[in-house]
Amino acid sequence: MTEDKLPTRKENFSEWYNQLVVKSELADYAPVRGCMVVRPYGWTLWENMTGGLDRRFKETGHTNAAFPMLIPLSFFEKEKEHVEGFSPQLAVVTHGGGEKLEEPLVVRPTSETIIGYMYARWIKSYRDLPVLINQWGSVLRWEIRTKLFIRTAEFYWQEGHTAHSTEQEAREETLRMLDVYADFAINDAAIPVIKGEKSETEKFAGAVQSTSIEAMMQDTRALQSGTSHFFGQNFAKAFEIQYLDPSNTLQYCWTTSWGLSSRMVGAVIMTHGDDQGLILPPKIAPLQVVIVPIYKNDTEKSSVLESTNSVFKDLKDSGIRVKLDDREEVTPGFKYNYWELRGVPVRIEIGPKDVEQQSVTVARRDVPGKSGKSSFTKAEVAAKMHPFLLEIQDALLARATAFRDEHIHEPASYDDLKNIVQDGWAFAYWCGSTTCETKVKEETKATTRCIPLEGQPKVAGKCVVCGNKAEKKVYFARAY
RNA sequence: CGGGGCGUGGCGCAGUCCGGCUAGCGCGCUUGCAUGGGGUGCAAGAGGUCGGAGGUUCAAAUCCUCUCGCCCCGACCA
């Protein structure tokens, strides 16, 4: 375990991220290229995220199930765009039990095909609809360039798959789950996101329409943090997912899928972290409070530990995720840096002076140095901690929102757009043509992120690239 | 696929050109003592078939041949 200083975000944002993930013990590199090991601290963070999502899925009527990891290769060939989109990324199992398999099996890169196959068997009548199933698991997409949490071959996620009797109901489901993702991102992860529709080139392979939530990282690059797809009847026709309607006519279902992955962990790191390390939002932080005792000799030690123990108990009893760092072999200063690197939202310091005054010193992770320190009386710590954590949660969201808004600009011209996307997002009229989109990508590396669902102008304008009539505005940005 | 670079304790490196005692250094790790309100100091330890195979030699981390792996740049792909 190395505890050297991180590079600053300004010096080298990418290197800051790579080292931070490893040093904070969120994750580590696995012996297989492209794969990562999620360490206990990182997995606890992910669990706190999945918990918030899973609760929301249940509230919106979904139930969990599990589908197999291995999928017959032939399944992928049933939907044309789907196979074209995924075949370069597939890992294929050709042997089992020492023998060559009759049909190769694909390690799932996503589960539309196998779930579609099962839905076709289960759905017979309009009375069986809607089917609202979610699956938690991992998937594998072959990747060369990897970055822990952001792009790895295997990653953890959930994928919801639903089938409906009408187009409208399926479209509503897609937007409902996009709202769930946005609500989670904003309120739990304190990440402001923009909901929008993907362009033809950016949408999911096989979808009629893809929508996503897009977040801005501190290097101003965009990160797609959750997606929701409307498939129309594409998969229903490929897998014959059919039902008899009330008039005894055979109909194809309308299906959707939606997913949010462990990439969200990367989003939390790159949205909130600073040069000292992680800054975790209290709602999802594995530890919300860490207590550091300070003493010089045995006399001080016993009175200080008495105080830390009682504060620890008060906080724990009130439902706070708290840790007492009573290690004797490292100094308090070392512990400050250690827990700051790991992003614990609140640090409580208790020394002889605090004991004497029946108080504790409280330091906020999101406000470094003396200005983030204040004093609570010992008796009120537990009562004050809940609102204090909420205040921090709000401050993180406000800071991230301000940062994002400062880096979104509306270009006055195409040249202006080229400048803007070097250090921000450009919000501009776009005619919708792939030609214009591709031109921007080739000349600036920026792609269209999404056509936002909200905040569209009432009147048409001119495409920032070609000058033709444009109905809607889109975000252009460099993306992960 | 083309060009360049690197493999030496857990991590980062020196030593290789010009072969020679027991292969060093920093960080980390273990133990002890002191220290303790912002990355503490001192001392004693543990830990290496020098990427692998073969060869030259009295003697190889060092020279020769083959081989494996990784990184960077370019090409290709999205």
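In the text below, chain A, chain B and the rest are named by the order of the sequence lines, each starting its count at 1.
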Quiz item: Between K23(A) (NZ) and rG39(B) (C1'), how many Å, whole number?
Solution: 12 Å
Self-check item: Between P of rG37(B) and OH of Y336(A), the distance in whole Å
Solution: 7 Å
Quiz item: Mind checking the P distance from rG20(B) to rA43(B)? Whole angstroms is fine.
Solution: 31 Å
Practice problem: Taking only heavy atoms on the protein side, list every residue of residues 199-229 of chain A lying under 4.0 Å from any atom of RNA chain B, sorted numerically. | Solution: none
Quiz item: So, do V344(A) and Q288(A) sit near enough that their side-chain heavy atoms are less than 4.5 Å apart?
Solution: no
Quiz item: Among H229(A), E159(A), E112(A), whose side-chain hydrogen bond (donor to acceptor under 3.5 Å, both in side chains) with S257(A) holds?
Solution: E112(A)
Quiz item: In terms of the angle between their ring planes, are F204(A) and H82(A) parallel, tilted or perpendicular, with boundaries placed at 30° and 60°?
Solution: tilted
Self-check item: Rounded distance (Å) that lies between atom P of rA78(B) and atom NZ of K445(A)
Solution: 15 Å
Quiz item: Over how many whole Å does the gap from N18(A) atom CG to rC71(B) atom P extend?
Solution: 13 Å
Exercise. State which of rG38(B), rG37(B), rG36(B) makes the closest approach to the side chain of Y295(A).
Key: rG36(B)
Self-check item: From K198(A), E197(A), E202(A), E437(A), residue fulfilling side-chain hydrogen bond (donor to acceptor under 3.5 Å, both in side chains) relative to T448(A)
Solution: E437(A)
Quiz item: Which value, in whole Å, describes the distance between the P atoms of nucleotides rG51(B) and rC11(B)?
Solution: 13 Å
Quiz prompt | Atom-pair distance (CD on E349(A); P on rG37(B)), nearest Å | solution = 10 Å
Practice problem: Tell me yes or no: between the side chains of T220(A) and R478(A), is some donor less than 3.5 Å from an acceptor? | Solution: yes
Quiz item: Y475(A) ring centre to R449(A) NZ or CZ under 6.0 Å, with the angle to the axis within 45°?
Solution: no
Practice problem: Tell me what K353(A) touches on the nucleic acid: a base, only sugar-phosphate, or nothing, going by heavy atoms under 4.0 Å. | Solution: base
Practice problem: Can you tell me the distance, in whole Å, between the CD atom of Q19(A) and the P atom of rC27(B)? | Solution: 18 Å
Quiz item: Distance between the P atoms of rU62(B) and rG7(B), in whole angstroms?
Solution: 13 Å
Quiz item: Is the gap between the ring centers of W43(A) and Y41(A) under 6.0 Å?
Solution: no
Practice problem: Please state the P separation for the pair rU22(B) and rC42(B) - nearest whole angstrom. | Solution: 31 Å
Quiz prompt | Length of the line joining L305(A):CG and rG36(B):C1', which is rounded to integer Å | solution = 13 Å
Quiz item: Checking all strands, does N297(A) fall into the base, sugar-phosphate, or nothing category for heavy-atom contacts under 4.0 angstrom?
Solution: nothing
Quiz item: Hey, does the side-chain of R327(A) have a donor or acceptor N/O within less than 3.5 Å of a partner on the base of rG36(B)?
Solution: no
Quiz item: Which whole number of Å gives the distance between the C1' atom of rG32(B) and that of rG39(B)?
Solution: 22 Å
Quiz item: How do P88(A) and D354(A) order along RNA chain B: which one's closest nucleotide is nearer the 5' end?
Solution: D354(A)
Practice problem: Could you go through the ring-ring contact (aromatic ring centres under 6.0 Å, His included) check for F376(A) and F388(A) one step at a time? | Solution: CA-CA 11 Å; F376(A) 286 11; F388(A) 190 62; 5.4 Å; yes
Quiz item: Atom CG of D325(A) and atom C1' of rG36(B): how far apart are they, to the nearest Å?
Solution: 13 Å
Practice problem: May I ask you to establish whether K78(A) and F75(A) are in a cation-pi arrangement, using a distance under 6.0 Å from NZ or CZ to the six-membered ring centre and at most 45° from the ring axis? | Solution: yes
Quiz prompt | Approximate separation, where rounding is to 0.5 Å, of M69(A) CE and I114(A) CD1 | solution = 11.5 Å
Exercise. Just call it for P352(A): base, sugar-phosphate, or nothing, with non-hydrogen atoms closer than 4.0 Å on any strand.
Key: base
Self-check item: Aromatic Y338(A) / basic R342(A) pairing, under 6.0 angstrom, 45° off normal
Solution: yes
Exercise. Give one of base, sugar-phosphate or nothing for K373(A), where a contact means two heavy atoms less than 4.0 Å apart.
Key: base
Quiz prompt | Runs of at least three consecutive pairs that involve RNA chain B, where pairs are Watson-Crick or G-U with distances under 3.5 Å | solution = B:1-7 with B:68-74, B:10-13 with B:24-27, B:29-34 with B:40-45, B:51-55 with B:63-67
Quiz item: Is the closest side-chain donor-acceptor distance between D219(A) and Y480(A) under 3.5 Å?
Solution: yes
Quiz item: Once the angle between the rings of W157(A) and F155(A) is folded into 0 to 90°, is it parallel (under 30°), tilted (30 to 60°) or perpendicular (over 60°)?
Solution: perpendicular
Quiz prompt | P-based separation of rG48(B) from rG38(B) [nearest Å] | solution = 39 Å
If you restrict it to nitrogen or oxygen atoms, what contacts under 3.5 Å exist between nucleotides 40-44 of chain B and the protein, and what is each distance?
| unit_1 | atom_1 | unit_2 | atom_2 | d |
| --- | --- | --- | --- | --- |
| rU40(B) | OP2 | T331(A) | OG1 | 2.7 |

Practice problem: For rC21(B) versus rA61(B), give the span between their P atoms, rounded off to a whole number of Å. | Solution: 10 Å
Practice problem: Determine the interatomic distance between P on rG4(B) and the same-named atom on rA46(B); round to the nearest Å. | Solution: 44 Å
